Structures are given as C-alpha cells and as structure tokens.
Q: 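Here you go, one structure.
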2 protein chains.
Amino acid sequence: MRKTKNMYSKDRQSDDARRRLVRAGIAVFAKYGYEGASTRMLASEAKVNLAAIPYYFGGKEGLYHAVIRSIVAFGQEKIFPGIMEARKRLDSGNPSRDELIRMLENLMLHYIGLVTSDETPNVARIMFQEQLHPTKAFSIFYEELLKEEHCVVTAIVARLLKLRPDSQEAILNAHAILGQVMIFLAGRALILRRLGQEKFTGDDAELLQTIMQQHIRRIFK
Amino acid sequence: MRKTKNMYSKDRQSDDARRRLVRAGIAVFAKYGYEGASTRMLASEAKVNLAAIPYYFGGKEGLYHAVIRSIVAFGQEKIFPGIMEARKRLDSGNPSRDELIRMLENLMLHYIGLVTSDETPNVARIMFQEQLHPTKAFSIFYEELLKEEHCVVTAIVARLLKLRPDSQEAILNAHAILGQVMIFLAGRALILRRLGQEKFTGDDAELLQTIMQQHIRRIFK
DNA sequence: GTCTATAGTCGGATAGAC
DNA sequence: GTCTATCCGACTATAGAC
C-alpha cells in the first residue's frame with residue numbers, strides 16, 4: 001500500500017510533467033511541425049528533463065499522440081456543444097428556413113471566435129499540418145471531430161437547398177461555406193501579412209461576423 | 001575557349017540533373033515537408049547522386065529555394081494572365097456590375113481548375129506548408145504571387161460593395177470569398193475523405209463551378 | 001521520478017578518385 | 001560532372017546513479 005505522501009507527490013508531479021509536456025508539445029509541434037520539432041526543444045520548452053519524454057510517453061511519437069488526443073478533447077469541448085444542439089434540432093422538429101439559416105450562422109460565428117482567439121491558432125496549425133501530411137493522427141481528427149462537424153453543416157445546407165444530405169453537391173457546398181472561415185486558419189500568414197498585422201483584433205472578429213452573416217443570408221435566402 | 005562538345009554535354013546534362021532535382025523536390029518537399037524530406041530521398045527520387053545537391057544548389061536549402069522559384073514561375077504562368085487582364089479592366093474603363101461579377105467568377109473558376117488538376121496539389125501543399133511555417137520562402141510567394149492576386153480580388157469585391165479597396169472590410173471579404181475555393185487545397189485531405197475519394201473528378205470540378213457561380217451571384221447581385 | 005552521460009542512428013556536407 | 005567513401009553534428013532513446 002502506497003503512502004499518502006508518495007501518491008500526492010507522484011500524482012501531482014507526474015501530472016505536472018506530463019501536462020507541461022503536452023502543453024509545450026502543442027506549441028512546439030505547431031511551430032515546427034512533427035519532424036522539425038526536436039525532443040530537446042520539447043523538453044526545454046516544457047522545462048522538464050529530456051529523458052522525461054521517453055519515460056512518460058514512450059518517445060517523441062507517443063508525446064505527439066498525446067498532443068493529438070488533447071487537441072481532440074479541446075475541440076470536442078469547444079465545438080461539440082454547438083454541433084450537437086444543431087444535430088438535435090435537425091433530427092427532432094422541422095426547423096424553418098430562418099431557423100436553419102440562424103443555426104448555420106451560429107456555427108460560423110462560433111468558428112470565427114475560434115479563429116480570432118489566442119489559444120486556437122496552434123491547435124489549428126497542427127490540424128492543418130495533418131491535412132497536408134496525413135498520418136494516423138488525421139484519422140483521429142476526422143473520426144472524432146471533423147466528420148460530425150462537417151456532416152451537420154452539410155445537413156443544414158442540404159435542407160436549405162433541398163438536396164440530399166449525402167449528395168455530392170451538398171457536401172461540396174458545405175465545404176465551400178466552411179472554407180470562408182477556415183481559410184483564416186489555414187491561410188493565416190497570408191491574411192495577416194495582407195492586413196499588416198501580427199494577429200487578429202476584436203475589430204477583425206466583428207467585421208468577419210457581419211461579413212459572414214451577409215454571405216450566408218444572401219446565399220441561402 | 002571551351003569546345004562545343006563540352007558545352008553541349010555540360011549544359012544538357014547539368015540542366016538535366018538540375019531539372020530532375022527541382023522536379024523531385026516539388027514532389028518530395030510536398031509530401032514530407034522541408035524538415036521531413038532528406039537529401040537521400042531527394043537524390044534517389046531524382047535519380048541523381050547525393051553529392052549533386054550540394055554541387056548544384058549549395059545544399060538542401062538551396063534546392064528548396066530553387067523549388068520555390070520554380071513554383072513562383074509556375075504560378076505566374078498559370079494565374080498571372082487572368083489577374084493582369086482583370087487589373088487592366090479595373091484600371092482603365094469602368095466595368096459594370098455584371099462585368100465585375102463575371103470577372104470574379106472567371107478568376108474563381110480558373111482556381112477551381114487548378115484545385116482539381118493533377119499537377120497542382122503538390123505545388124499547393126508547399127504553398128500552404130509555407131503559410132503554416134513561414135520562412136523566407138513565404139515572403140517570396142507573397143510578394144511575387146499572392147499579393148497581386150489578393151489585391152485584384154479585393155479590388156473587385158470593393159467595387160461591388162462600394163468599399164475602399166484598402167479597407168479592412170474589403171480585404172476580409174475577399175479573403176472569405178477566396179477561401180471557398182482555397183479550402184479545397186488546404187483542406188484537401190478532409191474533403192476527399194468526406195467524399196470517399198482518392199482525388200477530385202471532372203464531375204467535382206463541374207459541380208464546384210456551378211456552386212461557386214451561385215454563391216458569387218447571390219452574394220453580390 | 002529525475003537527472004547525467006552516452007550509445008546508436010541518421011542527417012547533410014565534403015574530399016578526392018575517376 | 002559524377003561517383004564512393006567518409007566525416008561530423010544532431011537527433012532519439014537508454015542505462016544507471018541518485
């Protein structure tokens with residue numbers, strides 16, 4: 001039987017080291033990519049010993065997978081509530097055209113919040129890295145996060161356009177709609193350089209919201 | 001004075017090795033990223049000797065820059081004609097609303113052609129890699145390719161919405177419009193998995209064209 | 001659990017024969 | 001210009017002291 005003191009210290013410190021490594025991993029993998037990130041960077045950013053990476057995660061790859069899982073959890077926490085609510089309203093009840101448009105708007109406005117927030121860019125960079133170089137991690141993102149999100153948006157778009165929700169046209173249309181926001185994550189460097197800014201401001205967020213509302217209303221009204 | 005035979009053989013073989021390396025570089029850097037690509041992969045893909053990379057390009061980084069330059073040239077060839085024509089019509093003459101919309105449509109339809117073509121994905125992957133991890137190469141892309149493209153689209157959008165072409169709103173709006181197509185390059189893995197396809201078909205291209213036309217017309221009419 | 005020291009591997013670049 | 005052989009540095013992972 002373990003002593004209380006040991007359990008405390010073990011759990012607290014161990015959790016601390018693991019947590020710091022995952023946190024550092026998000027920043028370092030986002031900035032340098034999987035190959036570009038070295039275990040030395042990761043350890044020093046997390047302020048833990050180099051050997052802690054193999055010890056806690058079995059190696060660099062294990063740490064990366066832990067980072068992926070933490071991103072999935074972050075995403076599920078941030079976007080699933082909205083998604084699930086939309087899904088529910090679609091399945092039960094028969095939302096009117098205006099309601100459908102408002103649902104779509106709400107989802108998009110929510111994404112804009114993520115785009116312009118300070119904690120999202122690193123997460124988003126890792127997700128887009130995985131799109132450019134899909135590994136096992138991309139399948140996890142897709143199955144546990146992106147699929148449901150994409151399907152719900154497709155379902156809304158399909159209803160608005162009177163298409164089948166599994167039709168090619170509905171899927172492509174939904175992707176284009178989502179692209180209007182997503183490109184601010186994937187093409188972040190371009191738009192920031194174009195604006196002459198280091199990061200997005202609250203004004204940008206507001207402007208984007210009105211722009212997105214206008215686009216959605218004009219496209220679907 | 002060099003002998004004709006030597007010049008011939010030098011130029012032909014040297015050009016051949018250089019060309020093969022650049023060509024292989026596009027494929028390998030696209031697939032694995034800059035850090036992930038090794039000189040050994042690059043040489044073997046190009047079917048040249050490992051030492052040819054330092055010899056011709058001064059090293060891996062030099063080869064990468066040559067690849068970047070070749071992509072800029074490719075892009076200028078593929079998209080500048082359309083861009084320049086639009087720019088000319090904007091500067092001289094006073095295009096009508098319908099003409100502006102048609103200009104925007106034409107640019108977007110052209111990009112759809114690039115999205116669904118077979119030779120573009122690797123080029124696009126390298127460009128989006130540079131957006132996620134901007135190096136010196138990103139500045140080259142921006143200054144010599146993306147800036148003019150983005151400015152022209154912004155100018156068209158600004159006229160349609162009666163905004164100043166350097167206003168935040170016009171710039172963000174144009175980026176969102178472009179995002180509808182660009183996301184098919186940046187988020188290629190996602191949409192292909194969603195469609196259950198390995199690559200885009202001619203049908204996808206057609207559908208996308210009609211979708212994009214509808215969106216643009218509804219947004220700006 | 002945490003650290004230092006080090007093993008073992010692979011990367012890019014070079015030297016020098018041809 | 002092209003090749004083989006090799007160097008050197010950086011990387012990840014491990015062994016073993018504390």
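None of these values were measured; they are calculated from a predicted model. So that the names make sense, note that chain A is the first sequence line, chain B the second, and so on, each numbered from 1.
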Q: So if I take every side-chain heavy atom of B:A17 and compare against D:dA13, D:dT2, C:dG12, which nucleotide ends up nearest?
A: D:dT2
Q: In whole angstrom, what separates A:L42's CG from D:dC11's C1'?
A: 12 Å
Q: Rounded to the nearest Å, what distance is computed from the CG atom of residue B:L21 to the P atom of nucleotide D:dT2?
A: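 Between P of D:dT2 and CG of B:L21: 10 Å.
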Q: Could you tell me whether B:K60 sits above the aromatic face of B:Y34, with NZ or CZ closer than 6.0 angstrom to the six-membered ring centre and within 45 degrees of the axis?
A: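 Judged by the rule (NZ or CZ under 6.0 Å from the ring centre, within 45° of its axis), B:K60 counts as positioned above B:Y34.
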Q: Check every atom of D:dA13, C:dT2, C:dG11 against the side chain of A:Y55 and return the nucleotide holding the closest atom.
A: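 Output: C:dT2.
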Q: Between B:E61 and A:R40, which is nearer to the 5' end of DNA chain C once each is assigned its nearest nucleotide?
A: A:R40
Q: Would you call A:E45-A:K31 a salt bridge at under 4.0 Å N-O?
A: no
Q: Would you say the side-chain atoms of A:E130 and A:Y142 include a donor-acceptor pair closer than 3.5 Å?
A: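 Absent: no donor and acceptor within the cut-off.
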Q: Is it true that B:E144 and B:R69 have a side-chain N and a carboxylate O under 4.0 angstrom from each other?
A: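 Salt bridge flag = no for B:R69 with B:E144.
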Q: What's the CD1-C1' distance between B:I53 and C:dT14, to the nearest Å?
A: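 Value for this atom pair: 14 Å.
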Q: Between B:N106 and B:E85, is there a side-chain donor-acceptor contact under 3.5 Å, judged purely by atom types and distance?
A: no
Q: Separation of B:R18 atom CZ from D:dG1 atom P, in whole Å?
A: 9 Å
Q: Check the distance between C:dC10's P and B:M41's CE and give it to me in whole angstrom.
A: 12 Å
Q: Respond yes when some side-chain nitrogen or oxygen of A:T39 is under 4.0 Å from OP1 or OP2 of D:dT12, and no when none is.
A: yes
Q: From the list C:dT2, C:dG12, D:dT12, which nucleotide is the closest neighbour of the side chain of A:L50?
A: D:dT12
Q: Taking the side chain of B:A51 as heavy atoms from C-beta outward, which of C:dG11, D:dT4, C:dT2 is closest to it?
A: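 The closest nucleotide is D:dT4.
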Q: Find the distance B:F57:CZ to C:dG12:P and express it as a whole number of Å.
A: 15 Å
Q: Rounding to a whole Å, what distance do you find between A:E35:CD and C:dG11:P?
A: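 Roughly 10 Å, once rounded to whole Å.
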Q: Given D:dG1, is OP1 or OP2 found less than 4.0 Å from the side-chain N or O atoms of B:N49?
A: no
Q: Need one value for B:A37: base, sugar-phosphate or nothing, where a base atom within 4.0 Å counts as base even if backbone is also close, heavy atoms only.
A: sugar-phosphate
Q: Give the rounded distance in Å between these two atoms: OH of A:Y32 and P of D:dA10.
A: 16 Å
